[in-house]
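Letters A, B, ... are given to chains in the order of the sequence lines, protein chains preceding strands, and every chain is numbered from 1.
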Protein chains: 2
Amino acid sequence: MNNGSSERMALSPTEPRHTALPRPGAPVTSAAPKIPTAALPDSGDALADPRYARFVTDLLGVIAYGELSGFERLSSDARFSPSLADRASLGRLAVQEFEHFELVGSFLGQLGVTVEDAMSPFQASIDAFHERTRPGDWYESLMKAYVIDAFSGDFYRSLAGHLDPRTREVIDTIDSGDGAAHLQRRLQEALANDPRLASRLALWGRRLVGEALTQAQRVGIEREYLAGLLFANEADHSEHTTALFSELTRNHSRRMSALGLTA
Amino acid sequence: MNNGSSERMALSPTEPRHTALPRPGAPVTSAAPKIPTAALPDSGDALADPRYARFVTDLLGVIAYGELSGFERLSSDARFSPSLADRASLGRLAVQEFEHFELVGSFLGQLGVTVEDAMSPFQASIDAFHERTRPGDWYESLMKAYVIDAFSGDFYRSLAGHLDPRTREVIDTIDSGDGAAHLQRRLQEALANDPRLASRLALWGRRLVGEALTQAQRVGIEREYLAGLLFANEADHSEHTTALFSELTRNHSRRMSALGLTA
């Protein structure tokens with residue numbers, strides 16, 4: 001198989017277009033007061049702030065391109081499934097990703113931005129992520145979908161709490177709960193049928209989450225892109241970023257344990 | 001690009017399971033009277049006839065696998081599109097094929113047959129068709145979708161008139177009018193932008209329809225599969241078969257002309 005697999009991952013823009021973007025409603029000066037998160041982005045007008053809208057556009061561009069490329073890779077990998085039933089199931093998951101892509105695209109349209117324009121700055125970076133994480137066979141493709149979709153979902157959800165309600169609603173909607181459950185069941189079944197898979201998939205899972213964390217951290221710390229969104233008003237970005245990444249890693253470990261694998 | 005493209009083509013079963021299958025309601029003896037086609041399959045009970053139901057199951061199995069494999073190939077080829085907008089459009093067409101697959105699968109389920117069981121006899125043959133018609137680039141992939149989807153659509157529609165109303169309804173629903181119009185527009189645009197494409201795509205179109213006709217004729221004449229359905233009660237199968245293939249070829253020529261290409 002020469003394709004990658006499903007994911008909504010890969011967060012770095014090809015250009016460091018943003019540093020320390022403000023949360024909606026937060027003053028853009030560096031003297032911004034520390035405001036409790038929960039009190040922040042409830043205003044429906046958040047998107048009227050051009051810098052905030054620009055940030056949301058970029059975030060949704062990343063998500064949209066992740067979904068589109070995930071759709072293409074998962075549906076092409078589906079062809080190598082061991083059974084026709086698996087091909088159909090993976091096809092269904094892929095179609096779900098395309099529907100997410102269309103949903104995000106339609107929201108971007110409401111913001112006056114084409115989905116193509118929003119996605120294009122992130123294309124090279126996400127493509128490179130896929131190249132670094134090409135599955136060696138169908139089971140690795142399944143595992144990639146399982147690990148990366150969940151990681152990305154956690155990541156986006158962790159941002160959603162800091163976003164305006166409309167954007168948050170879009171991000172909530174693209175959460176693929178059923179898909180994750182199906183992938184987990186199918187991987188458990190595969191591991192039960194072929195115990196030799198376990199060590200290979202455990203290794204592959206570690207590699208995948210490593211790449212995902214690298215991608216996220218590059219953005220989050222070096223470029224201050226993530227920190228700029230989440231913690232623009234806080235003295236110490238890195239503490240929060242570290243806490244977020246610890247949580248992402250813990251969740252990943254839990255998911256690996258659910259498969260009987262060591263993270 | 002190492003993939004084929006969208007289609008619902010490829011009609012031959014891997015095994016010659018059927019010869020001269022009866023139309024619904026037609027006696028299974030060879031002494032069947034000649035009955036005008038239009039008067040035939042209006043009974044809602046047609047599918048209660050096990051031989052007819054078996055034929056419908058096979059036909060829908062072919063269609064379902066054509067749609068599923070077309071979905072996978074078109075969505076993987078989408079990745080090589082010249083623009084993000086093209087990727088999205090091709091993705092949308094691919095998703096439409098998956099929806100057709102699911103529709104056919106759900107109808108098969110009503111007949112008490114899993115879509116996997118219905119598809120499996122045709123998998124090798126359709127895969128071989130895809131191998132023989134691998135597009136060399138994105139434009140050839142677009143052309144393959146344009147030529148083969150339309151050819152298959154014509155072919156299935158020509159059968160539909162001879163089928164019972166429920167099956168006919170399913171076949172009518174999977175007709176992808178919008179998709180074909182989009183493909184035609186996009187190919188016209190590509191040809192206008194790069195006139196050197198014309199000779200290559202004209203050649204490719206001839207090759208595609210040749211493969212499609214070969215596939216259909218092998219079934220229709222050598223195996224008497226098609227003839228057995230359509231013209232079981234008629235003295236001369238070959239005449240009708242020839243007329244059908246002439247029509248398929250004429251329609252193809254018209255579609256090539258619409259692109260300014262010689263068929």
Side-chain angles (χ1 to χ4, degrees), chain A residues 1-6 61 64-106 108-109 113-124 126-127 130-131 138 141, chain B residues 1-6 61 64-106 108-109 113-124 126-127 130-131 138 141:
Chain A
M1 192 179 321
N2 67 348
N3 296 312
S5 172
S6 156
Y65 190 69
E67 295 281 355
L68 180 62
S69 60
F71 155 74
E72 290 163 356
R73 287 170 186 260
L74 191 55
S75 51
S76 20
D77 288 0
R79 202 138 63 90
F80 303 95
S81 301
S83 75
L84 285 169
D86 281 321
R87 283 170 70 171
S89 308
L90 251 65
R92 207 161 287 127
L93 288 182
V95 166
Q96 218 172 60
E97 303 206 12
F98 192 81
E99 286 163 355
H100 296 162
F101 160 73
E102 292 207 301
L103 189 85
V104 172
S106 125
L108 281 164
V113 182
T114 70
V115 66
E116 289 81 20
D117 284 347
M119 292 190 298
S120 62
F122 308 102
Q123 191 175 352
I126 294 181
D127 287 348
H130 282 301
E131 287 307 305
W138 187 77
S141 172
Chain B
M1 190 181 313
N2 66 349
N3 296 314
S5 172
S6 156
Y65 190 69
E67 295 282 353
L68 179 62
S69 60
F71 156 74
E72 290 164 357
R73 288 170 186 260
L74 191 56
S75 52
S76 21
D77 288 0
R79 202 138 63 89
F80 303 95
S81 300
S83 76
L84 285 169
D86 281 321
R87 283 171 70 170
S89 308
L90 251 64
R92 208 159 289 126
L93 287 182
V95 166
Q96 219 174 58
E97 303 207 10
F98 192 81
E99 287 163 354
H100 294 161
F101 160 73
E102 291 207 302
L103 188 87
V104 172
S106 124
L108 280 163
V113 182
T114 70
V115 67
E116 290 81 18
D117 285 345
M119 292 190 297
S120 62
F122 308 101
Q123 192 175 351
I126 294 180
D127 287 350
H130 282 301
E131 287 308 304
W138 187 77
S141 172

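For the atom pair OG of A:Ser75 and CD of B:Glu97, the computed distance is 11.5 Å after rounding to the nearest 0.5 Å.
In terms of the side chain to side chain donor-acceptor pair (under 3.5 Å) criterion, B:Ser89 has no residue partners (sequence neighbours excluded). For B:Phe101, the ring-ring contact (aromatic ring centres under 6.0 Å, His included) test picks out B:Phe98, with sequence neighbours left out.
Annotation: side chain of A:Gln123 is in contact with side chain of B:Arg87 (closest heavy-atom distance under 4.5 Å).
When each of A:Glu99, A:Arg92, A:Glu102 is checked for heavy-atom pairs under 4.5 Å with chain B, A:Arg92 comes out on top.
Only the side chain of A:Ala94 comes within contact range of chain B, with heavy atoms under 4.5 Å apart.
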